[in-house]
Amino acid sequence: MQPAGVAAPLKVDISEKTFRSAEGVTIVALRGLSFEVRQGEFACLLGPSGCGKTTTLRILLGLDRQFSGSYQLPEGGSNRVAAVFQEPVLLPWRTVEQNVRLALSARLRHKDLDRLFEILGLSSMRSLYPSELSLGLARRAALARAFATEPAILFLDEPFTSLDERTADRLRRLLMAVWAARPTTALMVTHNLREALLLADRIIVLSPRPAQVLGIFEVGLSRHLRDAPALDNLVSDFHKTFADAV
Amino acid sequence: MMAKHGSEKRDRAGLRTWSASHSVRSALPAATSLASLLGLGLLWGMVAGMWPSRALPPPLEVWRVLLKEAASGDLVYHLAMTLWRVAAAYAVAMIVGSVIGVLLGRHRRADSFFNPWLVLFLNLPALVVIVLAYIWFGLTEAAAIGAVAINKIPNVIVTMREGARALDHRYAEMATVYRLGQLDYVRHILMPQLQPYFAVASRSGIALIWKIVLVVELLGRSNGVGFQIYLYFQIFDVAAILAYTLAFVAIMLLIELFLVQPLERHATRWRRRSA
C-alpha cells in the first residue's frame, strides 16, 4: 500500500470568513485561521461547538467560496477529495453498492470493492437500500464511499454523532482499520476530545468563534497502544497544555 | 451459520405468505371495481329498457355497433389516430413543461419574471388556444398537437417547479464533492427527486390531454375519435358516439393498468422495501 498524498501537504490560510445574518448583522466565523496537515497524517480539528469547524470544512470541500484567504489541497491517489458528512447523505433510491460506485471516477467505476466492503462488514448489504440500514450501517456505507474513491485527502465532519457510544466506538475502530489499509491524508472535525485522542496523529486545537488555532497537540503514542488507561493519561496531558480548551 | 441459514429460510417463507396474502388483497379491489362497473351497466340497461329512446340505446346495441365498427376497421383506425395524438401531445407537454418548470424552480429571478406569463397561460381557455393555433398555423397535425400541448404545459410547469424547489441541497453538495458528471447528476440525483412530481403531472395530464384532443379533432381534423363523434352527432347516432367513447376509455384504462402503474411501482421500489 503506497501512502496517498505524496506530493504536498494540506495548507490552509483563511484570513476571514463572515456570515450575514437575516437581520443584516455580520458575524465573523473565522479570522486568521491557518494550519497544515502533513501528508499521510490523520489530523483532527478540535474545538467547541459552533466555533466554525464545519465552516472550515465546507470551504475546503469547495462548497463555500465566499471567504478571503487561500488553501492548497494535497495531490496523489485519484487527486480527488472525499467527505464523510455529519449525516450519511446516501441516495435513498440507490443501493449501497450503487451509492459507492456513483462517487467513483470513470476509471474506477468498476473496480473491485470486495475487500473494502469486507473490512467495513458491509459484504452482505451491498444490494440493500439505505432505508433498510440502521444509522450505524449507513455511516459505514458513507465511509466505504469515501475510501473507495482513493482520495488525495479525506474530510470527516463529526461522522460519529448521534450514535450510541458502543456503535460509535465500533465505527471508530472500523475507520482505523480501513484507514490502515490505505493511509490517506485525513482531516476530521470533532468536539469530542477522547475521539480525537483515539484517532489522530495530531490535534489542531481551535478557539471559540472566530476560530483561530490555539495550538497543536501531538499524540505521540502508537494507535494500537491507545487503550482506556492510556487515553486517560493522554486526556490529562492534553489538559496540562490546553487548560481551558474544550 | 446454521442459525443464520434457518432465519434466512424463515424470511423467505414469510415473504411467500406475505405475497400470497398480498395478491388476495390486491385481487379484492379489482373484483370490487368489476362488480361496480357491471352494476353500472345493469342500471344503464334497466333505464334504457324502461324508457326506450334513440337518445339512450341499451348496452347491447352499443356493443353491436362497436363490433361492427371494429370489423370494418374504422374503429381501430380512428382510435389509433387519437392515441398517437395523445401520445405526441403528452410527450411534448411533459418534456417542455418539465424543463421549464425545473429551470423556474431553480432560478428565483426568472421565476418572478415569468410567473405572470404562467398565470396567463393557466387561465387561457383550451378552446381559444386551439382556434388560434388553427388560424395561425393552419389546419395541420402540428398545430393540433401543439395546441393540446400548450394547454397542458402550464400545469406541468407548476408541478415540476414545486419539485425543483423541494430538491435536497445535501445531495447536490455530495455530487459536488465527489465530482459527479452532469449526466450522472441528472440521472441519479435530479430525476429520482423529481419523480413523484413527474408522476403527479403525468397522471393529471393524460386524462386532460385526451379530452382536449377530442376537441382538436372535432374542430380541425378529418380522423380520430373526436372527428367520428362529431360525425355521429350530426346524424344523431348515440350508440356510435358511446361505442367510440367507451372504446377509448377502455384503452386508457389498459394503459393505466399495464403501463403507468408498473412503471410507477418500479420507480418507487426503494420506498416499498423499506424496513
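Residue-environment remark: CZ (B:Phe121) stays at or below the threshold of 12 foreign heavy atoms within 6.0 Å. Crowding of A:Arg109 atom CZ: a count of heavy atoms from other residues, nucleotides or ligands under 6.0 Å exceeding 12. Crowding of B:Leu183 atom CG: a count of heavy atoms from other residues, nucleotides or ligands under 6.0 Å not exceeding 12. Within a 6.0 Å sphere centred on CZ of B:Arg165, heavy atoms belonging to other residues, nucleotides or ligands number more than 12. Annotation for A:Lys111: atom NZ counts as buried by contact number, over 12 foreign heavy atoms lying within 6.0 Å. The number of heavy-atom neighbours closer than 6.0 Å to CD of A:Gln66, taken from other residues, nucleotides and ligands shown, is 12 or below. Heavy-atom neighbours of B:Arg187 CZ from other residues, nucleotides or ligands within 6.0 Å: at or below the threshold of 12.
Once rounded to the nearest 0.5 Å, the distance linking OG1 of A:Thr95 with CH2 of B:Trp270 reads 13.5 Å. Going from atom CE of B:Met174 over to atom CZ of A:Arg145 covers 5.0 Å, rounded to the nearest 0.5 Å.
Heavy atoms of A:Leu63 lying under 4.5 Å from chain B belong exclusively to its side chain. Looking at A:Ala146, both its backbone and its side chain come within 4.5 Å of chain B, counting heavy atoms on both sides.
Most heavy-atom pairs under 4.5 Å with chain B, from the set A:Leu61, A:Leu102, A:Leu133: that is A:Leu102. Of the listed residues (A:Gln98, A:Arg58, A:Arg94), the one with the most heavy-atom contacts under 4.5 Å to chain B is A:Arg94.
Residues from residues 83-93 of chain A that place a non-hydrogen atom less than 4.5 Å from a non-hydrogen atom of chain B comprise A:Ala83, A:Phe85, A:Glu87, A:Val89, A:Leu90, A:Leu91, A:Pro92, A:Trp93, given in numerical order.
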